[in-house]
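There's a structure below that I have some questions on.
None of the values given here were measured: they were computed from a predicted structure. Below, read A as the first sequence line, B as the second, and so on, with proteins coming before strands; counting in each chain starts at 1.
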Amino acid sequence: MLVYLIRRLFNVVATLLVVSVVTFGIFFAVPKITGSDPALMYAGRETNETALAGIRVKMGFDKPISEQYLIFVKGIVAGRDYNTGVDSTHCPAPCFGYSFKTETPVWDLMLDRIPVTLSLALGAAVIWVIAGVATGVVSALKRRTAIDRTVMVGALAGVSLPIFFTGMVAPAVLVYGLGWLDVSNYRPLTEDPGAWLNSMILPWVTLAFLFAATYARITRATMLEVLGEDYIRTARAKGLTERVVIRKHALRSTLTPLVTMFGLDFGGLLGGAVLTETTFSFQGLGTAAVAAIGAGDLPVIMGITLLAALFVVMANLIVDMLYAVIDPRVRLT
Amino acid sequence: MTAPLHDTSAETPAPVVTADVPAKAIEGRSPGRIAWMRLKRDKVALTGGIVVILLILVAVFAPAIVSLLGHPPNEFHEDLIDPDLGTPLGSFGGISSDFLLGVEPTNGRDVFSRIVYGARISLTVAFLAAFVSVVIGSLLGALAGFLGGWVDGLISRVMDLLLAFPQLLFTIALVSVVPDSLWGFEGTGVRMGVLVLVIGFFGWPYIGRIVRGQTISLREREYVEAARSLGAGRGYILIKELLPNLVAPILVYATLIIPTNILTEAALSFLGAGVKPPTASWGKMLSDAVPIYQDDPMYMVVPGLTIFITVLAFNLFGDGLRDALDPKGS
């Protein structure tokens with residue numbers, strides 16, 4: 001178990017290193033090809049050659065790419081000092097550098113944005129897991145009835161709808177049409193829980209609907225497959241009530257593929273629900289990354305990409321550990 | 001235990017016996033024919049398939065359709081716009097016999113023409129990207145499953161790695177740094193090429209995983225052993241023995257990856273990383289609709305429903321195809 005965990009954590013680090021090398025390579029090599037100068041990006045348009053040279057030394061752009069990369073990685077682990085000879089700034093670990101545009105540390109910017117994305121992903125995940133799995137199970141048990149058909153048509157519609165469309169339809173109907181909800185900007189949970197909940201409901205419902213549709217489809221298909229297995233027949237034959245058969249025997253094996261999916265989906269969302277955040281104008285990690293890409297703000301792009309990759313690999317690790325809990329046949333070796 | 005019997009009899013259609021038709025000779029049915037017969041019975045999947053074919057025809061004959069039923073896609077009709085509000089004059093976003101799906105707010109371009117031309121971009125990118133994913137995915141997936149060992153280890157690692165990449169961010173970043181003219185291509189062509197390659201590249205691990213799993217389960221079958229004992233080489237076994245059995249899952253996955261690609265292309269256009277204006281694209285129309293949808297909901301509904309219908313049609317057809325090709329199916 002411990003050996004397994006250590007090996008997997010080693011894998012996580014290796015994955016992140018590869019992701020960082022590729023990201024670094026792309027964002028520093030491509031500007032070279034297209035002929036733009038990172039120092040110029042940092043300084044903005046109105047600057048002179050002396051200032052540019054100063055920036056190059058301070059930010060380390062004068063060094064070869066491989067060395068810049070090593071400094072970058074070292075900064076994350078141990079912090080980093082920016083020296084111009086005249087003045088020196090210390091950036092404590094984990095140091096992802098400073099934003100080219102706002103000159104704030106990337107780490108602070110990310111810490112600022114994480115609560116928004118986390119609120120969005122967590123709330124939506126609770127709704128879509130409960131709604132998706134419940135409707136999937138009901139649909140499988142009531143196979144070929146009107147309920148099953150209605151649910152599956154709805155689910156198929158759900159997987160075919162883009163969030164940037166439903167994200168407009170939902171407020172148009174629920175807010176401006178029926179007046180059930182209202183639109184408000186994000187408010188931190190710690191500041192005003194009521195306002196936080198109020199601002200989150202609409203994005204949660206919209207985001208959860210799309211995922212719930214996929215989960216309902218997968219749950220139904222897996223459940224039907226599991227219900228055909230011999231051990232379900234055995235469970236029924238030995239006189240267990242249908243309730244126990246479904247809950248203790250069928251649902252448990254149905255969970256395995258769902259947990260895998262959930263790991264990827266949830267990990268992916270934590271790295272920035274780009275489309276949802278854009279549609280609802282939330283200032284989360286996703287919108288920060290898109291803005292940084294638009295502005296050529298390399299350190300911010302690097303930081304968010306790495307953080308997003310970290311969330312995905314960590315979610316996968318947790319999922320694999322959960323397997324051992326759900327499925328007693330799985331041994332972590 | 002009469003329940004299951006009753007259940008299955010409800011599904012199979014009653015045998016049609018007609019006395020005056022001579023009994024046909026017993027025919028062998030190939031798996032392909034069985035699948036086609038099942039597909040023909042599946043009305044929902046067929047409807048999806050017909051819509052897909054219609055959409056492809058619309059994309060192919062876009063110029064002819066627009067010259068018959070619409071106005072040039074980039075022609076401004078500012079006289080149809082309310083000068084104060086910027087919204088189209090008339091009800092339902094300016095729908096009329098002349099402008100079948102209304103006009104765009106502010107500039108008054110023909111929405112119908114832009115939807116028709118948008119189909120070209122959407123379908124071309126989605127099909128070509130699916131092709132890229134299928135080629136890379138089935139090749140590497142089959143190699144990983146067939147050869148095993150370090151090749152499998154390496155390819156599987158790469159697939160895991162790609163799934164950990166924040167895809168959408170990466171695509172936006174790549175699209176935004178690629179110059180407007182590249183290797184002799186210019187403008188829309190370059191953007192579409194980049195979209196195809198990037199979407200296709202990030203899509204291959206999904207199909208790679210499926211093909212790898214299938215190959216592993218197939219390579220120990222008796223017929224493969226038989227071929228090997230007859231002295232067949234690895235390449236022969238892979239291409240002549242395994243590949244034909246991998247066609248069904250690859251085909252199904254290809255049909256199901258196309259709607260995902262359509263959504264991705266629309267999402268990228270929505271975020272401003274799709275084809276450049278004034279080229280029409282469905283996602284861009286939706287992002288243009290964001291600031292104005294409360295006053296002119298039609299301009300949001302039309303491209304939104306177009307994407308929805310297109311993706312739904314592909315999904316219905318893909319689901320039906322999967323059921324038809326499933327050897328375990330009834």
Heavy-atom distance under 4.5 Å to chain A: side chain of F308(B), backbone, both or neither?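 Both parts, backbone and side chain.
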
Measure across A289(A) and L169(B) and return the closest heavy-atom pair with its distance rounded to 0.1 Å.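 For A289(A) and L169(B), the tightest heavy-atom pair comes out as CB-CD2, 3.4 Å.
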
Any idea which of A157(A), G268(A), A14(A), P171(A) has the most non-hydrogen atom pairs under 4.5 angstrom with chain B?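 Ranked by heavy-atom pairs under 4.5 Å with chain B, first place is A157(A).
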
Which pair of non-hydrogen atoms, one from F164(A) and one from L263(B), has the smallest distance, and what is that distance? CZ-O, 4.2 Å

Where do L275(A) and A267(B) come nearest, in terms of heavy atoms and distance? CD1-CB, 3.7 Å

For a 4.5 angstrom cut-off between non-hydrogen side-chain atoms, does D319(B) reach M152(A)? no

Under a 4.5 Å heavy-atom cut-off, does chain B meet the side chain of T15(A), its backbone, both or neither?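 Contact with chain B is through both the backbone and side chain of T15(A).
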
Relative to chain A, which segment of F314(B) carries a heavy atom at a distance below 4.5 Å: side chain, backbone, both, or neither?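 No part of it gets close to chain A.
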
Heavy-atom contact with chain A under 4.5 Å, split by part of L168(B):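 For L168(B), the contact with chain A is made by the side chain alone.
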
For the residue pair F170(B) and T305(A), what are the closest heavy atoms and their distance?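 Residues F170(B) and T305(A), closest heavy atoms: CE1-CG2, 3.8 Å.
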
Heavy-atom pairs under 4.5 Å with chain B are the metric here; pick the option from N316(A), L156(A), I301(A) that has the most. L156(A)

Quick one: are V169(A) and M300(B) in side-chain contact, heavy atoms under 4.5 Å? yes

Should V312(A) and L163(B) count as side-chain neighbours, where that means a heavy-atom distance under 4.5 Å?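 In short, these two side chains do not touch, never coming nearer than 4.5 Å.
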
Under 4.5 Å from any heavy atom of chain A - which part of D160(B):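 For D160(B), no heavy atom lies under 4.5 Å from chain A.
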
Does CZ in F201(B) sit with more than 12 non-hydrogen atoms of other residues, nucleotides or ligands closer than 6.0 Å? no

